[in-house]
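This structure is a prediction, so every number in the text was calculated from the model and none was measured. Worth knowing before you read on, the calculation uses all heavy atoms, side chains too, and leaves out hydrogens, waters and symmetry mates.
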Protein chains: 2
Amino acid sequence: MSRSPLVTVDPPAPPRDLAELSARAQALVGRSVDELERRRSGRDAPGPSRERKGKVGQLVEQLLGASAGSRPEPDFVGLGIELKTLPLDAAGRPKESTFLCSFSLGDAERADWASSGLRRKLAHVLFVPIVHAAGERTIGEPLFWRPSSAQEQILRADFDDLVGLIALGQVEAVTARLGRWLQIRPKAAHGRVRTHAFGLDGELISTIPRGFYLRARVTHALLRDPHTLLDG
Amino acid sequence: MSRSPLVTVDPPAPPRDLAELSARAQALVGRSVDELERRRSGRDAPGPSRERKGKVGQLVEQLLGASAGSRPEPDFVGLGIELKTLPLDAAGRPKESTFLCSFSLGDAERADWASSGLRRKLAHVLFVPIVHAAGERTIGEPLFWRPSSAQEQILRADFDDLVGLIALGQVEAVTARLGRWLQIRPKAAHGRVRTHAFGLDGELISTIPRGFYLRARVTHALLRDPHTLLDG
DNA sequence: TAGGATCCACTGGTGGATCCGT
DNA sequence: ACGGATCCACCAGTGGATCCTA
């Protein structure tokens, strides 16, 4: 193994069970993200914050032994667990909604909750808070979450409403205000990428790519009470 | 009658019926507020906008023959009609919520919708839009509004919820976010004036004076459809 | 391009504060 | 003090735009 001023660390093997994954996540609590990053890369360069987008997620994936890469599958394949980092402010509130998956508008007609990738992703989630405070990022207490059946009803209702709207050709009526827990918002590598859907009269409509997101107020509530319903 | 460079106009007698009031309001449509103001006062001085607060309301009251003054009663006594000017932006959207009446927190225990002054005020309202566009204020198309029974249910429910909260001593829980159509917000001549109420444990609580307001989105919807329910 | 996320200009609403006239 | 209203600083959420790695 090559040596550099900062020792690099090999990614661990995939965790064999939930207990092992949990133990690894616990071991990260309180650690500095910048320091972990330096150790992984062997380099010393935090860089401006907007050039760090997405890196935290991949760092934590590696540290926990997720099957890295862009597979259509759970981060921890054998366990069926999806990993999500969650940026929190100093007061413990999520700073952003959580991206779940992209959604091709053309798929709306075929989509149904029971067989959706979204449902599979949300079936079992490991949230790892990234606490932004005093100019530093620290890893927080992890949360394993499985939606209760009452919670899943909310998710499914949102999913049906949103997908239904699009299937009916009301693409332009889809706003981020819709959905109690879920929302559909833009998600694009470049603002000019277009995807397609069919409008009210069956005409082809070109829109920007979108994705499903979990509202920040929902993740906030989940951190405090994993069984929350937030209102009903 | 004295002459001045700008002719002043005598306030008309109170309108005898709704038709007469309606005709007067119609006659103002499209007129410039500044010009009407100059004609009334005989002076030529619009002044900075923040020194004009409240004047529009009184100007229109005079022009329509309202029984001016701070009576606890409808602006048009015989007709039981309340006059409200409504500031609109260039797109026709209300710029502000509409002040309805002040509310002494101490009255909460006694208050009930059926006998409330608020209900009487809202029973029949003449809305006179003041359109703010291109640096000018113009009088818009008037709207006579009587709440439908479905609308009154919404108003009463809001009233009961808000007054109920206060009666229970939850004064500090009253936020402008509560209420579908109505809201309770601060209303004070000076920020330091205090009124009093009783807290959860019966202790005396000192709070700033508040009043009932009608949400801007409600007046907006009413202008487009006087029977709107806005959702249910 | 897909998965991992964060940035940011804008806007609508909140929570008061303020102003006029009687 | 009360009835007539408007002003404004701030904040949360929206609607995209942008960035990284594989």
Q) Does the D/dG3 base have a donor-acceptor partner in the side chain of B/Lys84 within less than 3.5 Å? A) no
Q: Give the rounded distance in Å between these two atoms: NE2 of B/His132 and P of D/dT6.
A: 6 Å
Q: Pick base, sugar-phosphate or nothing for B/Thr175, based on heavy-atom distances below 4.0 Å to the nucleic acid.
A: sugar-phosphate
**Q.** 5' precedence on DNA chain C between B/Tyr213 and B/Arg217 (nearest-nucleotide basis)
**A.** B/Arg217
Q. Does a side-chain N or O from A/Arg177 land closer than 4.0 Å to OP1 or OP2 of C/dG12, or not?
A. no
Q: Give the rounded distance in Å between these two atoms: CZ of B/Phe99 and C1' of C/dT14.
A: 17 Å
Q) CD of B/Glu61 versus P of C/dT22: gap in Å, rounded? A) 11 Å
Q: Please determine if a side-chain N or O atom of A/Arg52 lies less than 4.0 Å away from the OP1 or OP2 oxygen of C/dG4.
A: no
Q | Length of the CZ-P vector between B/Phe212 and D/dC2, whole Å | A | 16 Å
Q. OP1 or OP2 of D/dG4 less than 4.0 angstrom from a side-chain nitrogen or oxygen of B/Lys121, does that happen here?
A. yes
Q: Could you state the atom-to-atom distance from NZ of B/Lys95 to P of D/dC8 in whole Å?
A: 11 Å
Q | Minimum heavy-atom distance between A/Pro129 and A/Leu88, given as atom pair plus value | A | CB-CD1, 3.6 Å
Q. Expressed in angstrom and rounded to an integer, what is the separation of B/Arg215 atom CZ from C/dG13 atom C1'?
A. 8 Å
Q.
If you compare every side-chain N and O of A/Lys53 against the phosphate oxygens of C/dC7 (OP1, OP2), does one of them come in below 4.0 Å?
A. no
**Q.** Minimum side-chain heavy-atom gap A/Arg31-A/Arg39 below 4.5 Å
**A.** yes
Q) Below 4.0 angstrom from OP1 or OP2 of D/dA5, is there any side-chain N or O of B/Thr85? A) yes
**Q.** B/Arg40 CZ to C/dC20 P, straight-line distance once rounded to whole Å
**A.** 14 Å
Q. Under 4.0 Å between a side-chain N/O of A/Ser102 and OP1 or OP2 of C/dT1, yes or no?
A. no
(Q) So if I take every side-chain heavy atom of A/Gln183 and compare against D/dT6, D/dT14, C/dC7, which nucleotide ends up nearest? (A) D/dT14
Q) Given atom CD of A/Glu82 and atom C1' of C/dG3, what is their separation to the nearest angstrom? A) 9 Å
Q: With salt bridge (Lys or Arg N to Asp or Glu O under 4.0 Å) as the test, would you mind laying out the steps for B/Arg38 and B/Glu35 before giving the verdict?
A: CA-CA 5 Å; B/Arg38 279 195 298 272; B/Glu35 194 209 312; 5.6 Å; no
Q. Just by modelled atom types, is the A/Leu100 backbone N or O under 3.5 Å from a matching donor or acceptor in the A/Lys121 side chain?
A. yes
Q) Below 4.5 Å, heavy atoms only, C-beta onward: do B/Lys187 and B/Arg210 meet side chain to side chain? A) no
(Q) Can you tell me whether the side chain of A/Lys187 and the base of D/dG15 have a donor-acceptor pair closer than 3.5 Å? (A) no
(Q) Both B/Arg185 and B/Gln58 contact DNA chain C. Taking the nearest nucleotide for each, which residue is further toward the 5' end? (A) B/Arg185
Q) Which of these, A/Phe159, A/Phe99, A/Trp113, sits in a ring pair (Phe, Tyr, Trp, His ring centres under 6.0 Å) with A/Phe212? A) A/Phe159
Q. Has A/Ser97 got a side-chain N or O lying under 4.0 Å from the OP1 or OP2 atom of D/dG13?
A. no
Q: Indicate, with a heavy-atom threshold strictly under 4.0 Å, whether A/Gly54 touches base, sugar-phosphate, or nothing.
A: base
